[in-house]
Amino acid sequence: MVIVVTAESLLKSMGHKGALSSELYRTAERAIELVHTAAEHRVVYDTFEFTCEEAVRVARTELVLPGRSIKAHIENSSRIMLMAATLGSGIDDVIRTAQKSDMALAAMTDFAASLEIEAFCNKFCNSMEEKYILTSRFSPGYGDLPLEVQTLFCKTLDTQRRIGLYATRMHILIPTKSVTAIMGVN
């Protein structure tokens with residue numbers, strides 16, 4: 001799966017204004033090509049019943065989602081969907097390699113990969129709307145939902161085995177171009 005990001009849209013998203021030099025344009029195109037070549041789009045999800053008392057407790061799991069913001073986000077939902085998506089470790093490798101020789105290319109590749117994972121998540125959510133009515137995505141780190149839930153979130157969906165995604169001891173997702181999110185389902 002390739003999400004279409006153009007050199008123009010990449011540079012505009014990065015804040016570039018004015019005319020594009022041919023060198024800048026070629027670098028942006030190369031970054032997009034690297035992302036499209038290295039990306040391995042993967043997603044897992046499941047829906048769960050939940051209770052909402054002091055914290056959101058995800059049924060059949062050990063996962064507890066503390067905080068007022070997640071409770072408010074799903075308050076009118078009958079179930080929740082947990083999803084995890086990644087572009088895979090090849091993206092991290094490509095960015096690291098570019099950082100050794102061409103920082104402009106590395107920065108553009110990193111930014112293009114960020115656009116790619118967001119577009120992939122949006123495409124997934126849109127495809128789910130044929131089956132469910134969903135709230136917007138809400139990820140650990142938003143509002144008062146702590147990043148610390150990443151580890152148990154990944155365990156709940158078995159992301160390491162299923163899509164090669166895990167959270168470090170510092171709650172950072174690896175591969176880095178990955179997203180975990182909660183959506184309310186009706």
Side-chain angles (χ1 to χ4, degrees), residues 1 3 5 10 13-14 35 39-92 95 109-186:
M1 173 188 302
I3 310 296
V5 175
L10 171 60
S13 295
M14 293 182 77
V35 169
E40 294 179 39
H41 299 80
R42 294 177 159 183
V43 64
V44 294
Y45 72 96
D46 202 352
T47 60
F48 299 87
E49 293 180 352
F50 67 96
T51 58
C52 206
E53 294 149 11
E54 288 183 29
V56 175
R57 295 190 177 278
V58 182
R60 304 181 340 260
T61 76
E62 299 171 28
L63 184 59
V64 176
L65 306 170
R68 292 183 313 270
S69 54
I70 187 61
K71 285 182 3 183
H73 188 74
I74 62 169
E75 69 182 340
N76 296 319
S77 302
S78 59
R79 296 176 66 81
I80 59 173
M81 178 182 288
L82 303 182
M83 61 93 51
T86 186
L87 297 183
S89 61
I91 292 289
D92 292 345
I95 293 168
T109 303
D110 188 289
F111 205 91
S114 294
L115 293 175
E116 184 81 6
I117 190 64
E118 281 302 310
F120 178 53
C121 289
N122 290 340
K123 188 171 185 170
F124 167 78
C125 290
N126 290 340
S127 74
M128 289 290 105
E129 287 179 353
E130 296 171 8
K131 200 172 179 182
Y132 304 105
I133 298 171
L134 300 173
T135 64
S136 58
R137 295 191 322 259
F138 196 95
S139 293
Y142 288 9
D144 59 353
L145 180 62
L147 278 177
E148 286 79 6
V149 302
Q150 294 278 44
T151 302
L152 199 48
F153 190 111
C154 289
K155 180 182 173 189
T156 300
L157 289 178
D158 195 16
T159 60
Q160 188 160 10
R161 182 184 62 79
R162 294 171 73 194
I163 62 172
L165 171 64
Y166 68 96
T168 67
R169 286 188 310 225
M170 297 304 293
H171 318 293
I172 304 301
L173 295 176
I174 303 295
T176 58
K177 297 307 177 185
S178 301
V179 170
T180 57
I182 302 115
M183 292 160 283
V185 177
N186 287 303

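Numbers here are sequence positions counted from 1. All values reported here derive from a predicted model rather than from experimental measurement.
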Mind checking whether [X] and [Y] have side chains closer than 4.5 Å, heavy atoms only?
| X | Y | answer |
| --- | --- | --- |
| Asp144 | Pro66 | no |
| Tyr142 | Ser69 | no |
| Leu165 | Pro175 | yes |
| Asp110 | Lys177 | yes |
| Val35 | Thr109 | yes |

Is the side chain of [X] donor-acceptor paired with the backbone N or O of [Y] at a distance under 3.5 Å, no angle test?
| X | Y | value |
| --- | --- | --- |
| Asp92 | Thr176 | yes |
| Lys71 | Leu65 | no |
| Thr135 | Ile74 | no |

Greater than 12 external heavy atoms within 6.0 Å of [X]'s [atom1]:
| X | atom1 | answer |
| --- | --- | --- |
| Tyr166 | OH | no |
| Glu148 | CD | yes |
| Arg57 | CZ | no |
| Arg162 | CZ | yes |
| Glu129 | CD | yes |

To the nearest 0.5 angstrom, please state how far the [atom1] atom of [X] sits from the [atom2] atom of [Y].
| X | Y | atom1 | atom2 | result |
| --- | --- | --- | --- | --- |
| Ile70 | Cys52 | CD1 | SG | 8.5 Å |
| Thr151 | Met170 | OG1 | CE | 11.0 Å |
| Glu116 | Cys121 | CD | SG | 10.5 Å |
| Ile80 | Leu134 | CD1 | CG | 12.0 Å |
| Leu157 | Leu63 | CG | CG | 8.5 Å |
| Leu152 | Glu62 | CG | CD | 5.5 Å |

Check the orientation of His41 and Phe120. Use parallel for under 30°, tilted for 30 to 60°, and perpendicular for over 60°.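 Perpendicular: the ring planes of His41 and Phe120 meet at over 60°.
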
Minimum heavy-atom separation for [X] to [Y], with atom names?
| X | Y | answer |
| --- | --- | --- |
| Ala55 | Val64 | CB-CG1, 3.6 Å |
| Thr159 | Ala84 | CG2-CB, 3.7 Å |
| Pro140 | Leu147 | O-CD2, 3.5 Å |
| Ala113 | Ile91 | CB-CG2, 3.7 Å |

Return all side-chain donor-acceptor pairs below 3.5 angstrom for residues 179-186, not counting sequence neighbours, or 'none' if the list is empty.
unit_1	atom_1	unit_2	atom_2	d
Thr180	OG1	Gln150	OE1	2.6
Asn186	OD1	Ser78	N	3.3

Could you check Thr156, Asp46, Val44 and say which one makes a side-chain contact (heavy atoms from CB on, under 4.5 Å) with Leu82?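 Between Leu82 and the candidates, side-chain contact (heavy atoms from CB on, under 4.5 Å) is satisfied uniquely by Thr156.
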
